[in-house]
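Here the structure is laid out as structure tokens; the discussion comes afterwards.
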Amino acid sequence: MKIAVVGTGYVGLVSGVCFSDFGHEVVCVDKDADKVARLKSGEVPIYEPGLDELIAKNTEAGRLSFTTDLTEALEGAEAAFIAVGTPTRRGDGHADLTYVMAVAEEIAQTAKDYIVIVTKSTVPVGTNRKVKQVVQKANPDLDFDVASNPEFLREGAAIDDFMRPDRVVVGVQTDRAADVMAEIYRPLFLRDFPIVTTDLESAEMIKYAANAFLATKITFINEMAALCEKVGADIKQVSKGMGLDGRIGNKFLHAGPGYGGSCFPKDTKALARIGQEHAAPMQITETVIKVNEETKRRMIDKLLDLCDGSFNGKLIAVLGVTFKPNTDDMRDAPSLSIVPALVGGGAKVRVTDPQGRHEGEALLPGVNWVEDAYKAARKADLVVILTEWNEFRGLDLKKIARHMNTPRLADLRNIYSVKDAKRAGFERYDSIGRAPLE
Ligand code: NAD
């Protein structure tokens with residue numbers, strides 16, 4: 001089957017490449033000519049483990065190509081996936097649907113034969129019906145269906161998540177569209193991965209409900225961590241004891257500096273907005289958004305305390321700026337609020353990240369980038385671990401402490417312990433939800 005995927009970002013590129021690996025003929029479209037030129041020349045514009053090999057394999061096999069030209073992509077295609085961004089709209093928290101609707105209209109004006117227009121972008125309930133209206137208005141003669149197919153992949157593990165999903169969700173209105181979607185995902189059907197087929201609204205809702213639930217779980221444990229610090233409990237032990245309960249599960253129970261990334265912040269805000277618009281307030285989600293902001297602020301207080309009340313004149317090393325390991329994505333990363341607070345407070349900040357520099361340079365002005373943690377920590381007054389890259393999990397802490405001005409460590413991912421820090425010669429160590437070394 002021939003498939004067009006519009007938008008070659010984290011989701012569109014991974015989906016398109018994986019569909020081609022299923023054996024489909026896939027044309028990926030992006031309006032960013034530079035991105036398409038890079039992809040055509042074999043360069044991968046984002047960092048996602050394993051993606052480069054899969055692109056090379058499927059391009060060589062003649063199943064995968066890239067273009068800026070929608071006409072070429074839609075020629076003979078039975079499905080067109082919309083995988084463009086749906087960022088938070090300025091001012092009201094609503095998901096900005098400008099890009100989705102623009103693509104829907106372009107597809108309507110370009111497609112000639114029956115096609116399923118599939119929304120993969122995360123979109124508020126009711127969007128697929130609006131897409132249908134936009135397409136009908138732009139091209140009343142076009143024979144088409146719409147389908148909602150939200151994506152659940154995690155950056156950093158995107159290919160494995162796409163190839164081995166917990167489930168695929170497909171919202172449709174007709175059997176014809178359901179058949180096309182089943183054909184696309186047939187390799188997953190054959191391997192018994194569950195496909196949940198629903199109406200359009202339920203599919204749209206599943207994505208927001210899932211993300212809001214996960215954001216709630218993270219925020220819950222972060223709030224518990226704040227209490228643990230006051231009462232002398234250890235959040236790692238609490239998480240373990242809770243997570244072993246099969247009804248709770250151990251995933252998303254790691255305390256940290258607050259959730260970030262390209263999805264949770266914008267999707268929780270959008271869900272809160274959808275609730276307000278339908279007079280069904282999402283009070284839990286609204287509180288989660290608020291508590292997450294407080295969690296991020298609490299991190300600044302922690303760092304301030306480790307700097308004896310002032311960042312001014314201190315040399316601070318920040319390890320990791322991406323919102324999580326194994327990605328170069330910086331969208332809504334905790335570093336974007338923490339690093340400017342350090343710089344704004346008068347600190348000299350050295351930063352290192354295995355993949356974040358390319359994005360981070362523009363987003364974090366006034367910092368010095370260095371190659372590794374050891375260079376970052378030299379003569380520093382404080383080292384802050386912000387992202388749990390593998391590179392920072394096995395550090396020679398003794399070496400780090402020995403070369404620091406004042407050996408102090410803020411471990412905002414709970415990678416190490418007071419014992420590790422003490423043994424390495426740190427004079428102070430603080431983490432999340434555990435007693436500090438002071
Ligand atoms: P992204 O910003 O990385 O990519 C979007 C791409 O769309 C860009 O390359 C942009 O140039 C392109 N684009 C925009 N308008 C276009 C047009 N008219 N024609 C062609 N190309 C166009 O976004 P992303 O992170 O891949 O997210 C896409 C959607 O998937 C969002 O709705 C997001 O919420 C959802 N999602 C993202 C993730 C994730 O981990 N990133 C996971 C699940 C769902």
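Everything quoted here is computed from the prediction, not taken from an experiment. Indexing begins at 1, ligand by ligand and atom by atom, following the structure's order.
The shortest N or O to N or O distance between Val11 and ligand 1 is below 3.5 Å. For ligand 1, one of its N or O atoms has an N or O atom of Lys266 under 3.5 Å away.
Evaluated for a side chain to side chain contact (heavy atoms under 4.5 Å, CB included) with Phe311, the options Val349, Val343, Ile300 yield exactly one hit, Ile300. Of the candidates Val6, Val5, Val11, Lys120 forms a side chain to side chain contact (heavy atoms under 4.5 Å, CB included) with just one, namely Val11. Considering Val168, Val169, Thr119 as possible partners of Asn149, the one that fulfils the side chain to side chain contact (heavy atoms under 4.5 Å, CB included) test is Val168.
Between Phe81 and Phe19, the ring-plane angle classifies as tilted under the 30° and 60° cut-offs. Ring geometry, Phe22 versus Tyr185: the interplanar angle exceeds 60°, so the pair is classed perpendicular (tilted spans 30 to 60°).
Using a 4.0 Å cutoff on heavy atoms, Arg154 does not count as a contact of ligand 1. Contact analysis puts Ser262 in contact with ligand 1, with a non-hydrogen atom separation below 4.0 angstrom.
Comparing Val100, Thr68, Val84 against atom 16 (C) of ligand 1, the shortest heavy-atom distance belongs to Val84. In this comparison of Met101, Lys31, Glu48, Lys35, the heavy atom closest to atom 21 (N) of ligand 1 sits on Lys31. With Ile82, Thr98, Ile46, Asp30 as candidates, the residue nearest to atom 12 (C) of ligand 1 on a non-hydrogen basis is Asp30. With atom 24 (P) of ligand 1 as the reference point, the heavy atom nearest to it among Tyr10, Tyr99, Phe264, Phe323 is part of Tyr10.
For ligand 1, the atoms closer than 4.0 angstrom to any heavy atom of Gly7 are 6 (C), 7 (O), 12 (C), 21 (N). Atoms of ligand 1 lying under 4.0 Å from at least one heavy atom of Gly9, given by number and element, are 1 (P), 3 (O), 4 (O), 6 (C), 9 (O), 26 (O).
In terms of protein heavy-atom proximity, atom 39 (C) of ligand 1 is nearest to Glu155 OE2, 3.3 Å. Closest to atom 5 (C) of ligand 1, if we only count protein heavy atoms, is Gly85 N, 3.7 Å.
A cation-pi contact, defined as under 6.0 Å to the ring centre and within 45° of the axis, links Arg176 to Tyr114. A cation-pi arrangement, defined by a distance under 6.0 Å to the six-membered ring centre and an angle within 45 degrees of its axis, is absent between Arg331 and Phe323.
Under 4.0 Å from ligand 1, the heavy atoms of Ala83 that appear belong solely to its backbone. Contacts with ligand 1 closer than 4.0 Å are made by heavy atoms of both the backbone and the side chain of Thr86.
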Applying side-chain contact (heavy atoms from CB on, under 4.5 Å) to Val123 and Leu97, what does each step give before you reach the verdict? CA-CA 8 Å; Val123 292; Leu97 296 175; 3.8 Å; yes
